[in-house]
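Read through the structure below, which is laid out as structure tokens, and then see the notes.
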Amino acid sequence: MPTHPSPGRDYINTQPLSKAFILHHALIFPQENKDKNDEAAEYSSHFVTNNEAGGYELGLPFLPACLPSAPSRARHFPRAGRSAASRRGSAAALRWRPRGSGSSSGGGSGRRGGCAAPNRRRAPVPWGRAAAGGWPEAATAEGAVTAQRGAPPRGPRPAPPGMWRWVRQQLGFDPPHQSDTRTIYIANRFPQHGHYVPQKFADNRIISSKYTVWNFVPKNLFEQFRRVANFYFLIIFLVQLMIDTPTSPITSGLPLFFVITVTAIKQGYEDWLRHKADNEVNGAPVYVVRSGGLVKTRSKNIRVGDIVRVAKDETFPVDLVLLSSDRVDGSCHVTTASLDGETNLKTHVAVPETAVLQSVANLDKLVAVIECQQPEADLYRFVGRITISQQIEEIVRPLGPESLLLRGARLKNTKEIFGVAVYTGMETKMALNYKSKSQKRSAVEKSMNSFLIIYLIILLFEAILSTILKYAWQAEEKWDEPWYNGKTEHERNSSKILRFISDFLAFLVLYNFIIPISLYVTVEMQKFLGSFFIGWDLDLYHEETNQRAQVNTSDLNEELGQVEYVFTDKTGTLTENEMQFRECSINGIKYQEVNGKLTPEGFSEDSPDGNMHSLMKEEELFLKAVCLCHTVQINADQTDGADGPWHANGIASPLEYYASSPDEKALVEAASRVGVVFTGTSGDSMEVKSLGKPERYKLLHVLEFDPNRRRMSVIVESPSGEKLLFTKGAESSILPRSKSGEIDKTRVHVDEFALKGLRTLCVAYRRFTPEEYQEICKRLHEARTALQQREERLADVFNFIERDLELLGATGVEDKLQEKVQETIEALRLAGIKVWVLTGDKHETAVSVSLSCGHFHRTMNILELVQHKSDSTCAEQLRQLAKRIKEDHVIQHGLVVDGTSLSLALREHEKLFMEVCKNCSAVLCCRMAPLQKAKVVRLLKTSPEKPITLAIGDGANDVSMIQEAHVGIGIMGKEGRQAVRNSDYAIARFKFLSKLLFVHGHFYYIRIATLVQYFFYKNVCFITPQFLYQFFCLFSQQTLYDSVYLTLYNICFTSLPVLIYSLFEQHVHPHVLQSKPVLYRDISKNAHLGYKPFLYWTILGFFHAFIFFYGSYLLMGEDTSLLGNGQMFGNWTFGTLVFTVMVITVTMKMALETHFWTWINHFVTWGSIVFYFIFSLFYGGIIWPFLHTQDMYFVFVQLLSSGSAWFAIILIVVACLFLDVVKKVLYRHLQPTSTEKAQMYSNRVALSDEFIALQPLSRARNQLSKIRWKKIRVQSAQHVTLLKASTEGRTIGNC
């Protein structure tokens, strides 16, 4: 009989109401309905039989949504009598599990091999055809229910509490229930009956784009008008359209249109690139098994359930469950470098029943169903099971991460594989990891929003004041209705309130340019273009790995100049993550490796006892444990050791190992050097050579490593048939579980290794009796086949297995410090940045590394908060530490905290803990879990001082910390690319952090701080004369400037100088900034964007605006003629004079702020002024036919024809800028800041080779021409390489 689906509510809810009620009734009373509707009764039996994946959520309005236990079911169904047949074995009985339960008990296999028969079950039999039985009831501890099908219980029909919900679902008010699992029919062989409705799955198209052709305009406009400034200008534009305002709607509409258009073009272009990349991926050719043969199609056409063939070195187009490979054991090797950056080979295995199906013809006959969890983003988690139909039996096998091949991974060392698609398109794990991180906002952006609110208040104040003064002025009859401007009858009878509102809005429109609309788009362009300089910086390029700095977000450039706390990982960040075996402890004796031999401590190489030709039993067992307990792979291209070259001592030549953990690789390589060589795997066996003697161990189970257990284990069968467990892990997770062995001596040796800065691991083993092993197999199978809470069940089983261990020894592996780590940490300290090291290593190791890298000084008073088990002792220790810090406030303190004590301190003593930490120069947190790292960062981040935090790390355990900090930096290390993918910036080495902060961060902050304040300054200069002019025109809302000038002021006349300044400005030389970290303190705590600098720029804007207006007014006077023919100036000429002075002054002000001049700065600064004059001459000198009115005709030409006007322009500009120059000169000589001193120092720096090498190429060429006596080495006629100490590989072409 064919296997039927389990659609639950999804099926019944798609039926017509009449049919749905029959089906519901049939499910509850199948025997009663047999005569009425055999089809519904038969379907109901199959429905209940096979619906195991969803935990028996029947989807009935008459039944509860889930059946958690037997007692809860008994409340709904009276219990019927049970026959003896209903208690028989599972071969004839139906297993019915409530949601959350696992598979039925029975034998099964782990990762490889098996210890008992798989769970087999008979094909289902419909109700009414079996012997009498009873209703299902509890049969196992896990809540599984065994029932023999027979007559269902009789009793009163339950009330239908879910009826209204069901009706609402039919009407579309309630979304239908989505199961926690999905059912996939391999090769899309769906049940052949009319009731089955296939589940809907996503297609295999990858969509990384944000817009489509149809939704681009509305969606982009909606996103842009969510910004306050854009929305504000839209409102102003609509007001100008609705009421009679003094300025044309074009004055607001055109700048708004310009900003919206530029942003839309930028975002549209970026999205077009994404569309292009998507089409390339979706159109890639793939091979799918269909109709008994291989069919070539496009990637986007793959459906869930398709069998896909992937060849060697190809990437997987979907998430696949491995069915078979070209190897007999069904294994294959993949690399996930594109997903997590790990280049090691990972082994994946198929279940034994499908591994033998290595041809297309055999796979086409496969009848199987996969039940698995719904898609989730976790790359390393997969829970499912496969049910394979073989004649009348069904075999159930568990599926885990070792069976799942992820989209984006690449097949290696395997000719081809076949897999079934389980997740497609945007439901693949790779696509689910596309999720953007939570948006981080910089301190500058927050300040900018605050300034906008202040300027909005100023705008409202000016508009309200002008409106009030207008009506106060018009209180007199002669001003209310002068003889030359009489009111109409409509104006006399209109409401005063409406007139007041209309006038207020008109003034609002008149002054609205005080809010800089183009500020946002300029800041966006500055951040986007400025971010390229980080990637282009050769000093941040790592030649050995060919990696350059990477910018993942440009929104936080200026935040790099505000960092107050640095949280760093240790392994792979401060260290190289290149492990070298140094020492080990075996059976309480310390050993060192000397010339490929294990030598006990105290013995020299030449001593008779030290030159051992064989290994003792304990040593050999220890080394075998190291060789067997790992996930190391061997390069498949290498030949087996038995056929390869041999050394004189009988040991095979070194093999090339691949490992995800550098520790494992170092240990396996060390074991091979001293005589115990891991030579690879063959099927489910691991091969080892001990002093040339081959041994084969059958790998039964792998208990994978996880951060909570901090250990991994393997269960193997020795050549003698003995079942052994080998375990290795942190000493905190191994020693407490050991009951025998030299525990005390090993603990002492582990502490000694840690004091030397070595990474330590403990190794133990356990022997199993046959009965113990059978119990373990049973528990493992139950946990691994559970669809719900699999991780928790596995953790419990692993803890049950990994106990009563016999300790073998410990290892000590050295991890070298990265280059210039000590200098970088010292520079950060000089810059006023506190460094916290957060690591998972043990206390002694972490302290030793902190001392060696300069995080702790030898003269520093080290305080400890470790090994506390209760709140009271932790609180008492914190009080003592706080008291000690106050007493010894002269010397520096360093604090060491471990994970358990930290949890206690943060629980109820957070304030006291923070007080102690802030008074310490350096803090070291050891034994930290990933979430604890993030919690510490959040603690500092949300403290009352609100410091800017930076987190830097290289591994997956650092991701939470990186995402929590204001700025997250990933190290391109050896622990994968998870940290890089989730970071804001990525660098290759820790030493690059100093250049990133002290140079790039400093420049970005100074540039954008000046940019923001200059924008507000020039808009105050722009609109204040308009406000002052109202006092001279009876507040009639007459505009001072022509509408074209209003429109183009921010777009054309004053935009480019400040943009170029914000891209190229270097107020201090980069070499000086990096060599003097103390300069970083001058910009900390948002010093240049505080309220004092903001107030200075605002007052300066008002001051300059008053000089513009009253200077021009005093010059023109009441009846003064400035033209030779005696003709008077009009209001447009006056306004143009003010505008001309203003454009020149604000441009020259930007020039005064510029320290680093390039030809581009000169071009845009002087070019902006020249462009204004040329534009004004053409605009006012020609009659343009498309303009309705041309108030400015010949006005500018007439203005420039007056020598007095030229004199006024020069005089007013000098008057405005003279005070600025005087202020700068006095402050630089009387109260110079550290930065200003550095500027004077950098001007006197000798033009050394290294100094020139740090310059842009254009400047370097000029300086080279001035110092021809300098020693330079000519490499060729076209290139000159500078001889310098630190900057290498930088060339100057065509010097």
Side-chain angles (χ1 to χ4, degrees), residues 246-248 250-255 258 510 513 516 518 1018-1019 1021-1026 1029 1038-1059 1104-1105 1107-1109 1111-1113 1115-1116 1121-1125 1127-1151 1162-1214 1216-1217:
T247 59
S248 167
I250 296 175
T251 58
S252 294
L254 191 59
F258 173 77
L510 192 63
F513 284 96
S518 55
K1018 72 185 181 73
N1019 278 42
C1021 290
F1022 180 42
I1023 218 64
T1024 303
Q1026 181 75 70
Y1029 186 59
Q1038 170 64 39
T1039 178
L1040 179 63
Y1041 315 118
D1042 182 72
S1043 60
V1044 173
Y1045 287 157
L1046 283 170
T1047 305
L1048 299 182
Y1049 175 74
N1050 278 317
I1051 296 177
C1052 296
F1053 299 147
T1054 60
S1055 59
L1056 279 180
V1058 66
L1059 177 61
H1104 284 180
I1107 295 180
F1108 300 155
F1109 184 83
S1112 302
Y1113 179 75
L1115 178 71
M1116 296 181 65
S1121 173
L1122 299 180
L1123 295 174
N1125 60 4
Q1127 189 176 349
M1128 303 292 292
F1129 276 175
N1131 67 305
W1132 291 117
T1133 311
F1134 173 71
T1136 305
L1137 176 62
V1138 173
F1139 191 83
T1140 304
V1141 171
M1142 177 173 57
V1143 169
I1144 296 173
T1145 304
V1146 297
T1147 306
M1148 293 295 294
K1149 174 63 178 171
M1150 189 76 264
H1162 284 290
F1163 178 77
V1164 299
T1165 301
W1166 316 121
S1168 294
I1169 297 174
V1170 172
F1171 172 75
Y1172 164 70
F1173 277 89
I1174 294 174
F1175 174 83
S1176 298
L1177 286 171
F1178 273 91
Y1179 172 60
I1182 300 174
I1183 296 178
W1184 300 99
F1186 54 83
L1187 296 177
H1188 297 294
T1189 61
Q1190 200 162 342
D1191 298 324
M1192 294 296 295
Y1193 179 67
F1194 225 67
V1195 168
F1196 195 71
V1197 177
Q1198 194 178 43
L1199 176 68
L1200 296 185
S1201 66
S1202 169
S1204 302
W1206 281 101
F1207 176 74
I1209 291 171
I1210 295 171
L1211 185 65
I1212 294 172
V1213 170
V1214 170
C1216 287
L1217 300 178

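Minimum heavy-atom separation, C1216 to I1107: SG-CG2, 3.5 Å. Contact between V1143 and T1147 at its shortest, heavy atoms only, is O-OG1, 2.7 Å. Of all non-hydrogen atoms in P1057 and V1164, the two that sit nearest each other are CG-O, 3.7 Å. Taking every heavy atom of both residues into account, C1052 and F1171 meet most closely at CB-CE2, 3.9 Å. Listed here is the closest heavy atom pair of A1205 and L1137: O-CD1, 4.3 Å. Counting all heavy atoms, side chain and backbone alike, I1023 lies closest to L510 at CD1-O, 3.6 Å.
T1054 places a side-chain N or O within donor-acceptor distance of the main-chain N or O of Y1049, the cut-off being under 3.5 Å. Side-chain atoms of H1104 do not come within 3.5 Å of backbone N or O of C1021 as any donor-acceptor pair.
For N1050, the side chain to side chain donor-acceptor pair (under 3.5 Å) partners are K1018, not counting sequence neighbours. With sequence neighbours excluded, the residues forming a side chain to side chain contact (heavy atoms under 4.5 Å, CB included) with V1214 are I1210, listed by chain and number. Under the rule for a ring-ring contact (aromatic ring centres under 6.0 Å, His included), F1108 has no partner lying at least two apart in sequence or in another chain. Residues satisfying the side chain to side chain contact (heavy atoms under 4.5 Å, CB included) criterion with F258, sequence neighbours excluded, are V262, I1051. Y1029 is linked by a ring-ring contact (aromatic ring centres under 6.0 Å, His included) to nothing, counting only residues two or more places apart in sequence or in another chain. In terms of the side chain to side chain donor-acceptor pair (under 3.5 Å) criterion, residue partners of W1166 (sequence neighbours excluded) are, by chain and number, H1162. Not counting sequence neighbours, the partners of T1039 by the side chain to side chain donor-acceptor pair (under 3.5 Å) test are Q1026. Here F1175 pairs with F1053, Y1179 under the ring-ring contact (aromatic ring centres under 6.0 Å, His included) rule; sequence neighbours left out. With sequence neighbours left out, the side chain to side chain contact (heavy atoms under 4.5 Å, CB included) criterion links S1176 to Y1045, Y1172, F1196.
The aromatic rings of F1109 and F1134 stand perpendicular to each other, their planes meeting at an angle above 60°, with 30° marking the opposite boundary.
Between Y1113 and V1138 there is no side-chain heavy-atom pair separated by less than 4.5 Å. Using a 4.5 Å heavy-atom cutoff, the side chains of F1139 and L1040 are not in contact. Using a 4.5 Å heavy-atom cutoff, the side chains of I1144 and F1173 are in contact.
Distance check: T1140 OG1 to I1212 CD1 gives 10.0 Å after rounding to the nearest 0.5 Å.
By the neighbour-count criterion of 12 heavy atoms within 6.0 Å, atom CZ of F1163 is sparsely surrounded, having that number or fewer from other residues, nucleotides or ligands.
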